[in-house]
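Let me begin by presenting the structure, written as structure tokens, before commenting on it.
Here the structure is a predicted model, which is why all the values come from computation and not from measurement. Just so it is clear, the values below take in all heavy atoms, side chains as well, and ignore hydrogens, waters and symmetry mates.
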Amino acid sequence: QERLVESGGGLVQAGGSLRLTCAASGLSIGHYGMAWFRQAPGKEREFVAAIKWDAGSSRYADSVKGRFTISRDNAANTVTLSMSSLKPDDTALYLCARDRQIRRSWTADASPSYRIWGQGTQVTVSS
């Protein structure tokens, strides 16, 4: 069974840090771009960060630039999102996703570009 499983979410005070991990099972992420999206209650899913299949480039939403870092370990089949200086506006369900295209030469920030999704991990930032 192909699965992406996110972990590492939780409740944190504003200004704090969290590290989210996305672990793949039953599928390989090695040749695919990976991304994190988030969805807050009553809001549309929004792009957070993406990393190219070979880790040669990454892309971030303006709202998280300088605070979040996406990385990957293809040998371990995992992707990580390190978040710091968290704000209440960062509160959301965070989902990881695998690109539908193998070895895409650029990083996609649109959700239709991703085919396999995890169930998400909740991040709540208190003020």
**Request:** Name all pairs fulfilling the side chain to side chain donor-acceptor pair (under 3.5 Å) condition that reach into residues 84-93, sequence neighbours left out, sorted by first residue then second.
**Result:** R38-D90, R67-D90
**Request:** Assert yes or no for the condition that the ring centre distance of F68 to W36 is strictly below 6.0 Å.
**Result:** no
**Message:** Please tell me whether Y114 and F37 form a close aromatic pair, meaning their ring centres lie under 6.0 Å apart.
**Reply:** yes
Where [X] and [Y] come nearest, the two heavy atoms and their spacing:
X    : Y    : result
I51  : T107 : C-CG2, 3.8 Å
L11  : S126 : CD1-CB, 4.4 Å
K43  : Q39  : O-NE2, 3.2 Å
D109 : F47  : O-CB, 3.4 Å
A14  : P88  : CB-CD, 4.1 Å
I70  : S58  : CG2-CB, 3.9 Å

**Message:** Taking atom CD as the centre, does Q119 end up with more than 12 heavy-atom neighbours from other residues, nucleotides or ligands that are less than 6.0 angstrom away?
**Reply:** no
Would you say [Y] ends up clustered with [X] if hydrophobic residues are merged whenever their side chains have heavy atoms under 4.5 Å apart, either directly or through other cluster members?
X    : Y   : result
M83  : V48 : yes
I116 : L95 : no
V125 : Y60 : yes

**Prompt:** Do the numbers put R3 on top of the ring of W117, so that NZ or CZ is under 6.0 Å from the six-membered ring centre and no more than 45° off the axis?
**Reply:** no
**Complete:** residues 36-94 vs disulfide (SG to SG under 2.5 Å), sequence neighbours excluded, gives none
**Prompt:** Any side-chain heavy atom of R45 sitting closer than 4.5 Å to one from L93?
**Reply:** no
**Message:** For a 4.5 angstrom cut-off between non-hydrogen side-chain atoms, does S113 reach R104?
**Reply:** yes
**Request:** Report the hydrophobic cluster partners of Y32, with the cluster defined as I, L, V, M, F, W, Y residues connected by side-chain heavy atoms closer than 4.5 angstrom, directly or transitively.
**Result:** I102
**Request:** Show which residues join W106 in its hydrophobic cluster (side-chain heavy-atom contacts under 4.5 Å, direct or indirect), or state none.
**Result:** none
**Message:** To the nearest 0.5 Å, what is the distance between SG on C96 and CD on E6?
**Reply:** 4.0 Å
**Spacing of H31 atom NE2 and R103 atom CZ [to the nearest 0.5 Å]** = 5.0 Å
Under 3.5 Å, sequence neighbours excluded: what are the donor-acceptor pairs made by side chains of residues 18-25?
none

In residues 74-82, what donor-acceptor pairs under 3.5 Å come from side-chain atoms, sequence neighbours left out?
residue : atom : partner : partner atom : Å
N74     : OD1  : R72     : NE           : 2.7
N74     : OD1  : R72     : NH2          : 3.0
N74     : ND2  : G30     : O            : 3.4
N74     : ND2  : W53     : O            : 3.3
N77     : OD1  : I29     : N            : 3.0
N77     : ND2  : L27     : O            : 2.8

**Prompt:** After noting the C-alpha distance and the side-chain angles of R115 and E2, does the key distance pass the side chain to side chain contact (heavy atoms under 4.5 Å, CB included) rule?
**Reply:** CA-CA 11 Å; R115 184 177 73 86; E2 296 183 333; 3.9 Å; yes
